[in-house]
Amino acid sequence: MLWLKEVVKTLPQNLDSGKKTRISITRKCMFQDYIEERKKKWFNSRQPLKVTFSGEPAIEDGGPLREFFTEVLKHIQQHLFPDGMPVNSMAALANNEFTVAGELMAASVVQDGIGSVSIDDWIPKACNEKYKGAIEEVRSCSTDEELRQVLMKDDILDILSFVGYRGGSSKETMSSKESISRPNAMTEFQTIIPM
């Protein structure tokens, strides 16, 4: 099993770092501007972003990119995940805003857009032991019966309920172990992204 930190370290390999995708956005509508920019034919999500703010001189250091990621992630948290859970919005769903949010979160991590702190520094410090323990306990199960017993524990049920698990604990099998662990890992990750 790969832990979040190990997975994050593999993400930069997916970038085509030979070129950059240049986007020009306004400060008032960063998220919506990004959505419009990504619809353009030349946009390539596998290339690092180069951000310029409309009406401002281009700056060659990484400041605008970090500022973009900081502000757009704040917007995503406030509008799509205000209480840590996704909003119930058919408009956001229809406009692919959750997909775009996920792309931006991944891009922020891969392109060091979360500030000058390295990924190695902030993941270990911020890991929430409660979620990490729940993930480990579920992943360590080796039989269907053992998994069901773990899933019936009060503390595990509380965590699963918090992350949106709605399955039947007494009916789960080893084949569903990863899909049970994934929301816990995502919740752990959401708590460490500085927004």
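Bear in mind the structure is a predicted one, so any value in this text is a computation, not a measurement.
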Heavy-atom closest pair, residues Met174 and Leu147: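 Between these two residues, the closest heavy atoms are N-CD2, 4.0 Å.
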For the student: nearest non-hydrogen atoms of Phe98 and Ala92, plus distance: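 So the two residues come closest at CE1-CB, 3.8 Å.
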Any [X] side-chain heavy atom under 4.5 Å of [Y] side chain:
X	Y	value
Lys50	Leu65	no
His79	Phe31	no
Gln32	Glu97	yes
Phe81	Val87	no
Thr52	Arg22	no
Phe53	Pro64	yes
Val51	Ile25	yes
Val150	Val138	yes

Stepwise side chain to side chain contact (heavy atoms under 4.5 Å, CB included) check, Gln77 with Lys74: CA-CA 5 Å; Gln77 182 185 30; Lys74 282 181 189 174; 5.6 Å; no
Any chance you could measure [X], atom [atom1], to [Y], atom [atom2], to the nearest 0.5 Å?
X	Y	atom1	atom2	value
Glu103	Ile35	CD	CD1	9.5 Å
Arg148	Thr173	CZ	OG1	7.0 Å
Asp33	Ser24	CG	OG	8.0 Å
Lys19	Gln47	NZ	CD	6.5 Å
Met90	Asn95	CE	CG	12.0 Å
Glu172	Glu145	CD	CD	13.0 Å

Contacts of Ser142 that satisfy side chain to side chain contact (heavy atoms under 4.5 Å, CB included) - sequence neighbours left out: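 Per chain and number, Ser142 pairs via side chain to side chain contact (heavy atoms under 4.5 Å, CB included) with Glu146.
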Carboxylate-amine/guanidinium contact Glu71 Arg27, below 4.0 Å: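 No, Glu71 and Arg27 are not salt-bridged.
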Side-chain (Ser108) to main-chain (Leu104) donor-acceptor, under 3.5 angstrom: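 Answer holds: no.
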Donor on one side chain, acceptor on other, Thr26 and Ser54, under 3.5 Å: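 Their side chains do not contain a donor-acceptor pair, so the 3.5 Å distance test is not met.
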Pair Leu73-Met105, side chain to side chain contact (heavy atoms under 4.5 Å, CB included): steps then yes or no: CA-CA 7 Å; Leu73 290 176; Met105 288 178 199; 3.7 Å; yes
Worked verdict on Thr21 versus Asn44 for side chain to side chain donor-acceptor pair (under 3.5 Å): CA-CA 6 Å; Thr21 294; Asn44 185 343; 5.4 Å; no
Aromatic contact, Phe69 with Tyr34 (centres under 6.0 Å):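 Between Tyr34 and Phe69, which both carry aromatic rings, the centre distance is not below 6.0 Å.
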